[in-house]
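Accompanying notes for the structure given below.
Just the heavy atoms: all of them, side chains too, but no hydrogens, waters or symmetry mates, feed the values below. Reminder, nothing fancy here: chain letters follow the sequence lines and each chain counts from 1.
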2 protein chains.
Amino acid sequence: MTKGRVTVIDIAKAAGVSKSTVSLVLQGSSLVNEGTRSKVNAAMRELGYVYNRGAANLRQASAKSKIIGVVVNDLTNSFFAELAVGVDMVVQSAGFVQFLSNTSESIDRQREVIASMREHGISGLIVSPARATESVDFKPLVAAGIPVVVVVRSLPGAKVSSIVSDNQGGTSAAVEHLASLGHTRISFLGGFPDTAVFEERLAGYVDGLKAAGLGFHEELVVSSAPSRAGGVDAIGRAMAMSDRPTAAVCFNDAVAFGVCDGLRARRMEPGRDFAVVGFDDVIEAQTAVPALTTVSVDPQGMGRRAAQLLLKQINAGKAEPESVATAVRLVVRESCGAAEKKAGRKTA
Amino acid sequence: MTKGRVTVIDIAKAAGVSKSTVSLVLQGSSLVNEGTRSKVNAAMRELGYVYNRGAANLRQASAKSKIIGVVVNDLTNSFFAELAVGVDMVVQSAGFVQFLSNTSESIDRQREVIASMREHGISGLIVSPARATESVDFKPLVAAGIPVVVVVRSLPGAKVSSIVSDNQGGTSAAVEHLASLGHTRISFLGGFPDTAVFEERLAGYVDGLKAAGLGFHEELVVSSAPSRAGGVDAIGRAMAMSDRPTAAVCFNDAVAFGVCDGLRARRMEPGRDFAVVGFDDVIEAQTAVPALTTVSVDPQGMGRRAAQLLLKQINAGKAEPESVATAVRLVVRESCGAAEKKAGRKTA
DNA sequence: CTAAATAATTGGAACGTTCCAAATTTGTCA
DNA sequence: TGACAAATTTGGAACGTTCCAATTATTTAG
């Protein structure tokens with residue numbers, strides 16, 4: 001109707017009260033009389049009032065902005081899309097909205113979006129850091145009292161909370177499973193050795209060997225890029241050995257798919273002639289042929305958990321850094337050679 | 001250092017100028033002297049100044065909030081994740097940030113998140129509407145002069161811009177391709193008939209038949225839920241006919257996968273005994289066995305285009321509703337029976 | 001019926017920015 | 001040098017909310 005937007009003052013005038021009272025109603029204060037409250041609410045509906053959070057944030061602490069930032073390194077990867085959905089679920093039902101940005105592993109981009117989010121006054125931040133992120137990148141945030149939760153990839157010296165999957169437990173379980181199938185020469189394939197995630201998964205591999213009573217042989221660890229191409233490369237080097245492995249735990253599912261490709265190129269069928277286990281349980285893992293045995297990490301649950309932790313810290317006012325490793329589950333399918341034929345295919 | 005946050009006034013004091021000048025610098029105005037500009041910038045760096053967009057928005061039109069809202073109905077679906085990435089790309093490089101929310105096809109959720117976004121003063125909105133969204137749901141937005149771009153699913157009577165894929169052209173091309181392979185009884189399987197997308201794809205199917213000189217037979221159109229289970233159901237009904245089809249264009253890839261499942265349950269091999277074409281080109285389409293021939297819609301490009309259109313409208317001040325259909329491309333793989341053996345598999 | 005306690009309401013001063021009109025400085029030209 | 005124009009700079013008044021202290025209305029207790 002009129003030019004400008006509808007403000008509390010318009011509502012106050014229409015309801016015959018003061019703007020302060022309207023503000024009280026807005027905040028659900030128990031100080032206002034039931035009668036006035038409904039009068040005010042009616043006026044708001046009548047005039048089509050829209051709350052202006054920007055103005056409110058000017059007076060309040062950033063903890064009440066009701067915005068949380070979410071930064072992921074690769075939204076194209078369904079793992080991170082699921083994670084974002086998990087975050088969105090809990091964040092939305094707490095009345096927050098999420099700023100979601102994608103860095104594509106670019107650290108500059110990451111810096112930019114985090115700066116931008118700060119300008120908008122986020123109450124907290126959930127971030128899956130781009131490769132090579134330094135803990136110092138989050139210094140200003142924590143100095144400003146904004147809670148930060150790092151997910152997926154842990155950040156060494158940073159004084160922020162983190163939620164990562166139980167990498168060590170995952171590969172350990174994978175190795176033990178392979179050992180129980182009778183394998184004794186089990187390889188660890190793929191991944192860059194200079195990352196925290198690699199170290200953890202490798203440590204689990206070593207644990208698993210020990211638990212199964214097998215010895216650790218350094219030559220069975222073959223690193224490569226954590227990609228499909230890297231997997232092809234790694235299995236190539238593994239098969240060139242004199243005493244070949246008969247099974248492999250891979251750094252992640254992408255590597256595992258590459259390993260399968262490489263095996264076929266050598267006329268070997270994954271699952272039958274060589275056992276392959278991945279890590280992540282990406283969406284394609286269950287529909288691939290053969291279906292991939294892998295360690296499932298439930299990204300959506302991880303997102304939910306991260307959001308819960310962040311909200312807790314936002315509400316608490318100050319953030320005690322807290323680290324949690326989420327449980328992980330070995331999903332046995334066909335590529336390890338242990339699966340029962342083709343069960344599970346639902347044909348009508 | 002000090003308690004409160006650093007404001008323009010602190011910067012002004014430190015640089016020995018007025019707050020107005022600092023504001024001018026912030027906006028990159030050409031009115032300020034080069035010397036003062038750098039003095040001010042130095043002070044900002046020195047004191048760790050963080051721009052407060054909330055305060056700025058209080059004075060400016062919402063077009064300058066630099067926030068755009070993105071609402072999708074299913075982020076778990078990689079189609080929409082890609083779309084969001086496309087939006088993020090152009091939006092980010094224009095200095096905007098995106099509020100991303102997921103509705104899970106819930107219309108209430110959609111209403112909530114849009115309301116929340118309005119409170120935050122978004123400059124524009126990109127939305128892939130949840131099923132059963134009414135055009136009236138966007139009335140308040142457009143009344144407030146906030147540009148809205150609807151993507152993927154068009155909204156009949158709404159006075160907003162929309163970007164949808166060329167559904168009609170896509171199915172038409174699919175039918176012509178099947179006809180060129182010698183098929184004469186081509187079925188259209190899956191999808192709910194009461195949606196705009198269904199109508200368009202069906203219209204393309206009819207076009208394609210006409211172009212190929214084939215007649216339209218109503219019984220060859222079998223609708224069902226647009227899901228894998230729906231596909232199983234649809235092919236079941238199609239195969240129960242006396243004069244069976246030998247090929248099918250499916251409503252989308254999910255239906256197509258279901259159709260493949262259903263065929264196998266009848267001891268028929270998709271691609272060899274029956275030609276199947278999908279729509280969307282979801283990520284699994286190329287890795288499935290057999291690889292799915294489908295109509296590719298490039299969700300990321302669609303996201304980019306939507307963002308560009310939205311930004312144009314935001315900058316123009318007022319939004320002329322504009323409708324564009326993005327081009328679509330038939331990707332021939334194995335499931336239609338036309339593919340050259342197993343080319344394209346890159347085995348090292 | 002009054003004093004004190006309690007409940008409900010309210011005006012103004014913030015919050016950190018932008019914008020306007022006006023003031024000041026600098027430059028140009030005869 | 002003086003006058004005028006151009007280039008820079010600058011106080012305040014918004015913007016729409018919340019919060020505080022203060023006020024007014026209503027109960028309760030004695």
Separation of [N] [atom2] from [X] [atom1] (nearest whole Å):
X     : N      : atom1 : atom2 : answer
A:N52 : D:dA14 : CG    : C1'   : 14 Å
A:Q60 : D:dT17 : CD    : C1'   : 8 Å
B:N57 : D:dT17 : CG    : P     : 14 Å
B:E34 : C:dT26 : CD    : C1'   : 17 Å
B:R53 : C:dG16 : CZ    : C1'   : 14 Å
A:Y51 : D:dT18 : OH    : C1'   : 8 Å
B:L31 : C:dA22 : CG    : P     : 17 Å
A:L24 : D:dT18 : CG    : C1'   : 10 Å

For [X] and [N], is the shortest distance between a side-chain N/O and OP1 or OP2 below 4.0 Å?
X     : N      : value
B:S18 : D:dG11 : no
B:T36 : D:dT9  : yes
A:T21 : C:dT10 : yes

Q. More 5' along DNA chain D: B:V17 or A:K19, using each one's nearest nucleotide?
A. B:V17
Q | Nearest-nucleotide comparison on DNA chain D, the residue closer to the 5′ end among B:A55 and B:N33 | A | B:N33
Q: Take atom CZ of B:R304 as the centre, draw a 6.0 Å sphere, and report whether it contains more than 12 heavy atoms from other residues, nucleotides or ligands.
A: yes
**Q.** Exceeds 12 heavy-atom contacts within 6.0 angstrom, atom CD of A:E105
**A.** yes
Q. Reckon A:T7 touches a base, only the sugar-phosphate, or nothing at all at heavy-atom distances under 4.0 Å?
A. sugar-phosphate
Among [options], which nucleotide sits nearest the side chain of [X]?
X     : options               : result
A:S20 : C:dT9, C:dT10, C:dT18 : C:dT10
A:R59 : C:dT9, D:dT18, C:dT18 : D:dT18
B:K64 : D:dT9, C:dT9, C:dC19  : C:dC19

**Q.** A:K312 and A:E322 ion-paired at < 4.0 Å
**A.** yes
Q: Compute whether any side-chain donor of one residue and acceptor of the other, for A:D74 and A:T76, lie under 3.5 angstrom apart.
A: yes
Q: Give a yes-or-no answer on whether the side chains of B:S65 and B:S123 include a donor-acceptor pair shorter than 3.5 Å.
A: yes
Q: Take B:G54 and B:Q27, find for each the nucleotide of DNA chain C with the closest heavy atom, and name the residue whose nucleotide sits nearer the 5' end.
A: B:G54
